[in-house]
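Heads up, the thing below is written out as structure tokens.
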Amino acid sequence: MRAASTIIENRLQQLENHLQQENPVLLNTVQSFRQLDRLAYQMGLLSNEESFATQIPWWPLISVLGTFSAGKSSFINHYLDFPLQRSGNQAVDDKFTVICYSREKNAHALPGVALDADPRFPFYQISSEIEQVASGEGQRIDSYLQLKTCPTENLRGKIIIDSPGFDADAQRTSTLRITDHIIDLSDLVLVFFDARHPEPGAMRDTLDHLVSNTIKRSDSGKFLYVLNQIDITAREDNPEEVVAAWQRAMGERGLTAGRFYTIYNPSVALPIENESLKERFERKRDHDLKEIHERMNQVEVERAYRIVGALEKTATDIEEKAVPALKQLLQTWRKRVLITDAVLYTATVAIALLLSIQSGYWQNLELQVNWLDQLSENAQTVYFSALGVYLALLVIHFLSRNLVARLMQARIKKEDGKLGIRGSLAGAFKRSTVHWRSIFQATPAGWGRGNRRKLSKVMQDSDDYVQTLNDNFTNPSGQESLSGEAVNDDQTATA
Ligand SMILES: Nc1nc2c(ncn2[C@@H]2O[C@H](COP(=O)(O)OP(=O)(O)OP(=O)(O)O)[C@@H](O)[C@H]2O)c(=O)[nH]1
Ligand SMILES: [Mg+2]
């Protein structure tokens with residue numbers, strides 16, 4: 001138990017260290033999650049080796065997938081404004097690279113084990129998952145993953161994953177498994193295609209796996225489809241046809257309306273000679289690139305609100321769902337214990353009666369027990385007999401409350417989760433029905449005045465976090481320009 005709580009403590013501390021560099025508002029939310037954890041331990045909603053904070057994804061994850069040599073790495077370098085990833089015309093990347101922010105001036109690369117062992121990152125314990133699909137591959141985690149840190153401000157509050165070119169034929173099950181894992185965790189997925197004449201096999205695999213399989217997902221909105229390198233098409237007779245062919249191929253896979261972008265990379269593109277063509281291409285590229293970048297930046301904002309939202313929801317759910325449900329359960333338990341008590345007492349009396357009849361102690365409806373008469377003459381024995389009866393009743397009562405609690409707990413465990421709250425109602429019920437708590441106690445364990453006050457404080461704090469986030473994310477200079485515009489409007493009005 002101790003070891004488990006130390007693991008959780010370490011995890012939370014690592015999280016805090018990272019947030020300290022990255023987003024101080026969210027650092028405060030970890031404190032609030034800790035307060036909720038303590039309350040939940042006392043209520044029994046969480047066990048010592050759990051934390052509300054580790055149940056939510058902290059990292060806004062953007063993944064870049066797609067055909068090989070489509071320009072994924074170059075796109076990332078351009079976004080970071082930093083030559084972090086190697087690029088080239090041959091297939092360059094054979095690993096997934098997890099790129100995250102660090103204040104240190106120099107970029108660092110760390111092997112895959114660093115990711116596998118670090119709970120702050122989305123690949124924590126991925127090796128065991130890989131081991132399940134490809135035996136023996138789990139230990140070779142370094143050949144699949146690496147971690148790079150980069151000091152670019154653009155990267156603050158996000159993790160970007162660069163991936164090897166997608167090619168289902170050549171790729172092992174483990175790579176496909178990692179790809180699926182990444183897609184599941186990502187807040188935003190950019191699927192890259194190549195406007196040069198792409199290799200049909202790789203294009204087909206990408207379409208099958210990264211387009212067809214994604215349309216029916218409930219989170220299909222997080223996929224953006226990008227046709228890159230369209231500067232090349234400027235040299236073709238009919239550039240529009242390349243884009244049209246691409247969209248047709250997507251349409252054949254069922255993707256008709258969607259987020260299609262056509263871009264090229266300003267830093268590596270070939271020059272376009274024709275001035276008007278150049279202007280048209282640049283306009284389209286700038287427009288689409290801007291939208292993609294905006295979506296990428298938005299991910300951080302959404303993540304921050306998502307986390308504060310999760311904090312507030314966890315707190316309100318305890319008060320509005322868990323506690324009422326527990327009170328209801330305790331009431332049912334009390335009722336059932338009293339009924340069971342009554343049944344057991346009656347049964348005991350009935351058995352005693354039957355035994356006494358059988359032993360011939362009853363004559364003419366009168367109890368004739370000589371030894372009982374003798375016993376009642378001695379005050380001490382009367383006292384001990386009464387005590388004995390009392391203890392017997394008590395034992396029966398505890399048997400009954402335990403039995404009922406256990407039966408109910410099994411039922412609750414089965415239905416735990418239906419309520420949609422974090423934490424275990426079954427655990428909290430167990431805590432509230434421990435033998436030293438009276439069955440007449442209506443409030444659940446850990447729900448005293450002190451803890452209720454702490455919970456309101458967390459709710460109050462989460463409102464404050466939202467305000468701080470609003471202050472951080474709404475550009476303060478935007479306010480100025482708004483009033484500036486108002487002045488201008490007034491002037492035009494008077495003019
Ligand atoms: N003309 C042109 N070339 C590009 C563009 N984007 C990338 N390239 C070039 O295409 C080649 C492949 O780029 P990478 O960024 O390595 O592509 P990748 O998708 O990361 O490739 P893998 O990791 O090997 O799958 C490089 O030579 C880039 O310079 C673009 O928009 N236009
Ligand atoms: Mg690459």
Among residues at least two apart in sequence or on other chains, which ones pass side-chain contact (heavy atoms from CB on, under 4.5 Å) with L403?
L407
Does a side chain donor of either N451 or Q42 reach within less than 3.5 Å of an acceptor in the other side chain?
yes
Taking all atoms of both residues into account, what is the closest heavy-atom pair of I178 and Y144, and its distance?
CD1-CB, 3.7 Å
Please check: side-chain N/O of K222 versus main-chain N/O of I183, any donor-acceptor pairing under 3.5 Å?
yes
Listed partners of F96 passing ring-ring contact (aromatic ring centres under 6.0 Å, His included), at least two apart
none
For H287, does the NE2 atom sit with more than 12 other heavy atoms under 6.0 Å from it, leaving out its own atoms?
no
Do R34 and E9 meet the salt-bridge criterion of a basic N to acidic O distance under 4.0 Å?
yes
Identify the two heavy atoms, one from F429 and one from A405, that lie closest to each other, and give their separation to 0.1 Å.
CE2-O, 3.6 Å
Please tell me if the side chains of L329 and L425 come closer than 4.5 Å, counting only heavy atoms from C-beta onward.
yes
For L26 and A304 the tightest heavy-atom approach is CD2-O, 4.0 Å
Tell me whether S87 contacts the main-chain N or O of S73 through its side chain, where contact means a donor paired with an acceptor under 3.5 Å.
no
For the residue pair F260 and Y225, categorise the inter-ring angle as parallel (less than 30°), tilted (30 to 60°) or perpendicular (more than 60°).
tilted
Heavy-atom nearest pair, P151 first then F82, reads CD-CE1, 3.9 Å
Can you list everything that forms a ring-ring contact (aromatic ring centres under 6.0 Å, His included) with F193? Sequence neighbours excluded, please.
W246
Value for CD (Q13) from CZ (R11), rounded to nearest 0.5 Å, stands at 13.5 Å
What residue pairs, at least two apart or across chains, pass salt bridge (charged side-chain N to carboxylate O under 4.0 Å, His left out) with a residue in residues 456-469?
K457-D461
Could you tell me whether the side chain of I263 reaches within less than 4.5 Å of the side chain of I292, counting heavy atoms only?
yes
Please list, chain by chain and in numerical order, all residues satisfying salt bridge (Lys or Arg N to Asp or Glu O under 4.0 Å) with R156, sequence neighbours excluded.
E153
For the residue pair I62 and I161, establish whether any side-chain heavy-atom pair is separated by less than 4.5 Å.
no
Strictly by salt bridge (charged side-chain N to carboxylate O under 4.0 Å, His left out), give each pair with a member in residues 130-146 just once, sequence neighbours left out.
E137-R140
side-chain contact (heavy atoms from CB on, under 4.5 Å) partners for S51, two or more places apart
I8, L12, D37, A53, T54
State plainly whether the residues D184 and R217 are in salt-bridge range, i.e. N to O under 4.0 Å.
yes
Do you see a donor-acceptor pair shorter than 3.5 Å between the side chains of Y305 and N470?
yes
Is there a side-chain contact between Q441 and L330 (heavy atoms, below 4.5 Å)?
no
All side-chain contact (heavy atoms from CB on, under 4.5 Å) counterparts of L344, not counting sequence neighbours:
T340, I396, S400
Might you work through the side-chain hydrogen bond (donor to acceptor under 3.5 Å, both in side chains) test for S74 and Y264, ending with a clear yes or no?
CA-CA 10 Å; S74 316; Y264 59 96; over 6 Å; no
I'd like to know if the side chain of Y41 reaches the main chain of E50, judged simply by a donor and an acceptor atom lying under 3.5 Å from each other, with no hydrogens or angles considered.
yes
For V323 and E319: C-alpha separation, side-chain torsions, deciding distance, then whether side-chain contact (heavy atoms from CB on, under 4.5 Å) applies.
CA-CA 5 Å; V323 169; E319 183 165 27; 5.6 Å; no
Listed once per pair and sorted, the salt bridge (charged side-chain N to carboxylate O under 4.0 Å, His left out) pairs that draw on residues 71-85, sequence neighbours left out:
none
Donor-acceptor pair between N154 and T152 side chains, under 3.5 angstrom:
no
Do T206 and F68 make a side-chain contact, defined as non-hydrogen atoms from C-beta onward lying under 4.5 Å apart?
no
Take V189 and L65 through the side-chain contact (heavy atoms from CB on, under 4.5 Å) test and state the conclusion after the steps.
CA-CA 7 Å; V189 182; L65 306 169; 3.8 Å; yes
Sequence neighbours excluded, every pair satisfying salt bridge (charged side-chain N to carboxylate O under 4.0 Å, His left out) that has a member inside residues 422-437
none
Under the ring-ring contact (aromatic ring centres under 6.0 Å, His included) rule, collect the residues that match up with Y79, sequence neighbours excluded.
H293
If you compare all heavy atoms of M296 against all heavy atoms of K158, which two are closest, and at what distance to 0.1 Å?
O-CE, 3.2 Å
If you measure only the distance, is there a donor-acceptor pair under 3.5 Å linking the side chains of D341 and H397?
yes
side-chain contact (heavy atoms from CB on, under 4.5 Å) partner of M250, chosen from L227, I215, V211:
V211
Quick one, W333 and S432 - any side-chain contact, counting heavy atoms below 4.5 Å?
no
Determine whether L190 and L188 make a side-chain contact, defined as any pair of heavy atoms from C-beta on separated by less than 4.5 Å.
yes
Taking the side chain from Q331 and the backbone from L326, do they hold a donor-acceptor pair closer than 3.5 Å?
no
Return yes if some donor-acceptor pair links the side-chain N/O of D187 with the main-chain N/O of V299 below 3.5 Å, else return no.
no
Using the ring-ring contact (aromatic ring centres under 6.0 Å, His included) criterion, which residues pair with H181? Sequence neighbours excluded.
F123
Side-chain donor or acceptor of R259 paired with backbone N/O of F223 under 3.5 Å
yes
Kindly indicate, with the supporting measurements, whether the criterion salt bridge (Lys or Arg N to Asp or Glu O under 4.0 Å) is fulfilled by K95 and D162.
CA-CA 8 Å; K95 286 181 198 166; D162 191 9; over 6 Å; no
A quick test of your reading: do over 12 heavy atoms of other residues, nucleotides or ligands sit less than 6.0 Å from NZ of K321?
yes
side-chain contact (heavy atoms from CB on, under 4.5 Å) evaluation trace for L147 with C100:
CA-CA 8 Å; L147 169 68; C100 76; 4.1 Å; yes
Go through it in stages, so that I can follow the logic: the residues are N213 and D208, the test is side-chain contact (heavy atoms from CB on, under 4.5 Å), and I'd like the CA-CA distance, side-chain angles, deciding distance and then a yes or no.
CA-CA 7 Å; N213 289 353; D208 286 346; over 6 Å; no
So which heavy atom on C150 is nearest to which on L80, and how close?
SG-CD1, 4.2 Å
Closer than 3.5 angstrom, by distance alone: can the side chain of S102 be matched with the main-chain N or O of E104 as a donor-acceptor pair?
yes
Please tell me if the side chains of N77 and N265 come closer than 4.5 Å, counting only heavy atoms from C-beta onward.
no
Between the side chain of R452 and the main-chain N/O of W447, is any donor-acceptor distance below 3.5 Å?
yes
salt_bridge(R295, E291) N-O dist < 4.0 Å
no
So, the side chain of N228 versus the backbone of F192: is there a donor-acceptor pair under 3.5 Å, distance only?
no
Give a yes or no answer on whether the side chain of S220 reaches the backbone of K216 with a donor-acceptor pair at less than 3.5 Å.
no
